[in-house]
Structure formats: structure tokens, C-alpha cells
Amino acid sequence: MTVLVFIDPSAPAGRVADASAPQLSVLDQGVTRGDGVFESALYKGGAVRKLDMHLARLQSSAQLSDLEVPAEDAWRAAVATAVAQYDDEARRSASAADAPGGEAEAVVKLIATRGSEGSGHGTSWVTVSPAPALGRKQRESGVRVLFLDRGYDSTVAERAPWLLMGAKTLSYAVNMAALRYARSNGADDVIFTSSDGRVLEGPTSTVLLATRDGDEKRLITPTLRTGILPGTTQGALFDQAEEAGWKLGYGPVVPQDLLEADAVWLVSSVRLLTPVTSIDGEAISTDGELTAELSGLIEAIE
Ligand SMILES: Cc1ncc(COP(=O)(O)O)c(C=O)c1O
């Protein structure tokens, strides 16, 4: 079940459309060039988590891409319409977990493309669909990762703004190819490294590591200066963790840091906190207590 709502100036609350029927022009540059931006947010317990942060990053990705996207109010209205419609359909389905406020998890996607060439306007829509079961499973089981070279050095973002580093664009074919490469080589996920040997991010996640020193717990993530996407989950979790007494650090991080950490996780909005259990085939340290604590903090983020 996927619900689809287009942002349409003639329909202030958004225009509901059939997600199973053709809706998009074959000339749309989102399709022909992957030219557009997007966000994926978690819908759970009747609320879209971190919607403000997702809307802010969507605007920032659009700015970096020189793309005009609808104003926040239009997105909020379309998201409200989409989740209401999703809840209606879930109510009609048999499962209590799918009912509004239940435990079921859904993905809310906000997508904006440059539209058809020459049309002078973009195309923007919201979808809501059930969250993939694999992500939930990996939260429990953890993931085996490979380090893969992204092919850029860690200063490229400053030198080459046309690479749109730090923007969440629709051009995810490379990220998906990296995941396929991992899966055909005995792993589940990827941590990209820069050509000058820094840890960057996952294809769809931010990297976190923790170190314990006596009573002190330190949570570290790679610096944004490397051109990685500013993760909303990492940002919100760091605020929570600091309040809970953790020390925070923002890279630079090198592969050896991950191998020597007490625990490493991949975090993202839908899969949430996923422990990394091995890197390049070697088991690494995991910490059930820290995983439980950070999972609790992430669950509390609204
Ligand atoms: C490349 C990349 N880095 C990091 C993240 C994590 O971002 P967030 O926590 O906002 O979902 C994502 C999310 O999909 C991503 O695609």
C-alpha cells in the first residue's frame, strides 16, 4: 500500500493520486537525469518524526542544487493529507499494528524534481508506504559492512560545489550500486572512505562510533567538512546524548578508529540505530548496553 499526494497550486491540501497508476511525465528531469532532491522520514505512532529537520534539509539540498521547491507550508499540508489517507487505508486493513498510533512503521518520502525540460516548473510529491522489514530486522541482527572507496578526497566539497556533496539528491544510483556490491561480497552494508583515508558515511546512513573510558562515554561521527550528508538522526541523537551525559566528537575519523571502537553503528531516519558487527570480514566490538541506551534515546526523538 502506497499513498501518493502531489503538491499542486490548485489543491492547497495536496492532490491525492493513484500510486499504482502512471503519474509522471517521461520527460521529467527527475527521471531522465536524477535531477531533484528528496527526504525519507519515519511515520510511527501517529507522528512524522523530525519533520522540521527533514523540511530544513530539503530546502538546503534544493538551494545547493539551484532548485526551486515548494514552501514548507505546502509540504506540511501534503504530508498531513498523505498520512491521514494512509491511516484511513490502514484502518480498513485487518492488522491492529497498522492502525493509527500502532507500532507499524511507514516511510514518508518528500520528492522534488526539476520537472520536464522547458516546463518552467518542478514536480513535487509525497508518498507514504510501509517501512521495509529488512531495516527492522537489521536493527536487531546488526550489519556486516565493507569499507568502499568513494573515490573523492575529504576536501572535495570545498573545491567542487558542483558535485553537490552534502545535498540529498535523487542521484542515488551509485549508493545503490555500492550496496549491491556489498551484498554480492558477503556483507550487508557499506561505509564509504575518502581517497585520502577518512571515514565518510554509509550509502543511506551516518556512521557513529562510541568509546568508553571508565565512566566516560564518547560518541563520535565524521566531520561534515568531508562533504557527507548532515544526518538528521545523528543531529537529533547527539542533542539527546549530550543531555544524557555523553561527550561528543566530530571527526576526522579514520578506519582504524572504527576497528578499535567499543561499538560502531549506522544511523538513519527509517532504520534508526543499526549495530555494525563486522568490517571487511573481521568481527568488531559491539556493546549491547550502549546500543540499548542509544536506541532508547532515538526512540524518544519526535
Ligand atoms: C548518504 C546518507 N547519509 C546519511 C543519511 C542519514 O540521514 P538521516 O539520519 O537524516 O536519515 C542518509 C539517509 O538516507 C543518507 O542517504
Side-chain angles (χ1 to χ4, degrees), residues 34 36-44 48-62 64-65 75 105-111 127 129 131-132 134-136 138-139 143 145 147-152 154 156-157 163-182 188-194 198-209 219-241 250-251 253 264-274 276 294-295 297-302:
V37 296
F38 78 108
E39 285 294 321
S40 298
L42 177 65
Y43 180 57
K44 186 177 178 187
V48 181
R49 303 275 175 94
K50 303 190 266 81
L51 183 57
D52 290 355
M53 295 177 85
H54 286 292
L55 289 171
R57 190 172 61 188
L58 187 77
Q59 295 294 341
S60 142
S61 298
L64 288 164
S65 314
W75 286 110
E105 298 182 2
V107 187
V108 179
K109 283 200 176 176
L110 288 65
I111 299 176
T127 59
S129 40
L134 180 65
R136 253 181 133 148
Q138 289 180 336
R139 264 181 231 160
V143 286
V145 310
F147 281 134
L148 294 186
D149 184 358
R150 189 174 246 173
Y152 302 137
S154 62
V156 76
L163 291 178
L164 305 180
M165 308 300 288
K168 194 166 166 71
T169 75
L170 288 174
S171 308
Y172 260 50
V174 166
N175 302 37
M176 297 301 109
L179 286 176
R180 283 196 302 276
Y181 182 90
D188 310 297
D189 213 316
V190 168
I191 293 179
F192 285 123
T193 54
S194 63
R198 298 283 158 81
V199 170
L200 297 173
E201 62 189 340
T204 63
S205 59
T206 308
V207 176
L208 301 185
L209 64 118
L219 193 56
I220 298 161
T221 194
T223 168
L224 291 181
R225 258 180 265 128
T226 55
I228 59 175
L229 189 76
T232 60
T233 314
Q234 172 272 320
L237 176 62
F238 268 40
D239 289 348
Q240 299 277 330
Y250 299 87
V253 176
V264 177
W265 301 273
L266 300 179
V267 291
S268 56
S269 295
V270 176
R271 195 172 55 177
L272 303 176
L273 185 87
T274 306
V276 175
L294 293 177
S295 287
L297 293 178
I298 284 194
E299 271 298 331
I301 293 167
E302 289 177 351

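Counting starts at 1 for both ligands and their atoms, following the listed order.
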Fill in the blank from the handout: OG1 of Thr193 to CG of Leu200, rounded to nearest 0.5 Å, is 6.5 Å

Practice task
Please confirm whether the backbone N or O of Arg57 pairs with a side-chain atom of Ser61, one donor and one acceptor, at under 3.5 Å?
Solution key: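 Checked: pair present.
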
Practice task
Would you check, one step at a time, whether the test side chain to side chain contact (heavy atoms under 4.5 Å, CB included) holds for Arg49 with Ile301?
Solution key: CA-CA 7 Å; Arg49 303 275 175 94; Ile301 293 167; 5.7 Å; no

Problem - For Leu266 against Ser205, the heavy-atom pair lying closest together - result: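 That closest heavy-atom pairing would be CB-OG, 3.5 Å.
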
Handout entry: Atom-level proximity to ligand 1, residues with heavy atom under 4.0 Å
Key =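 For ligand 1, the residues that come within the 4.0 Å heavy-atom cutoff are Arg57, Lys168, Tyr172, Glu201, Gly202, Pro203, Thr204, Ser205, Thr206, Leu229, Gly231, Thr232, Thr233, Val267, Ser268, Ser269.
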
Handout entry: Contacts of Phe38 that satisfy ring pair (Phe, Tyr, Trp, His ring centres under 6.0 Å) - sequence neighbours left out
Key =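 For Phe38, the residues satisfying ring pair (Phe, Tyr, Trp, His ring centres under 6.0 Å) (neighbours in sequence not counted) are Tyr172.
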
Exercise for the section: Check step by step if side chain to side chain contact (heavy atoms under 4.5 Å, CB included) holds for Leu110 and His54. Expected result: CA-CA 9 Å; Leu110 288 65; His54 286 292; 5.5 Å; no

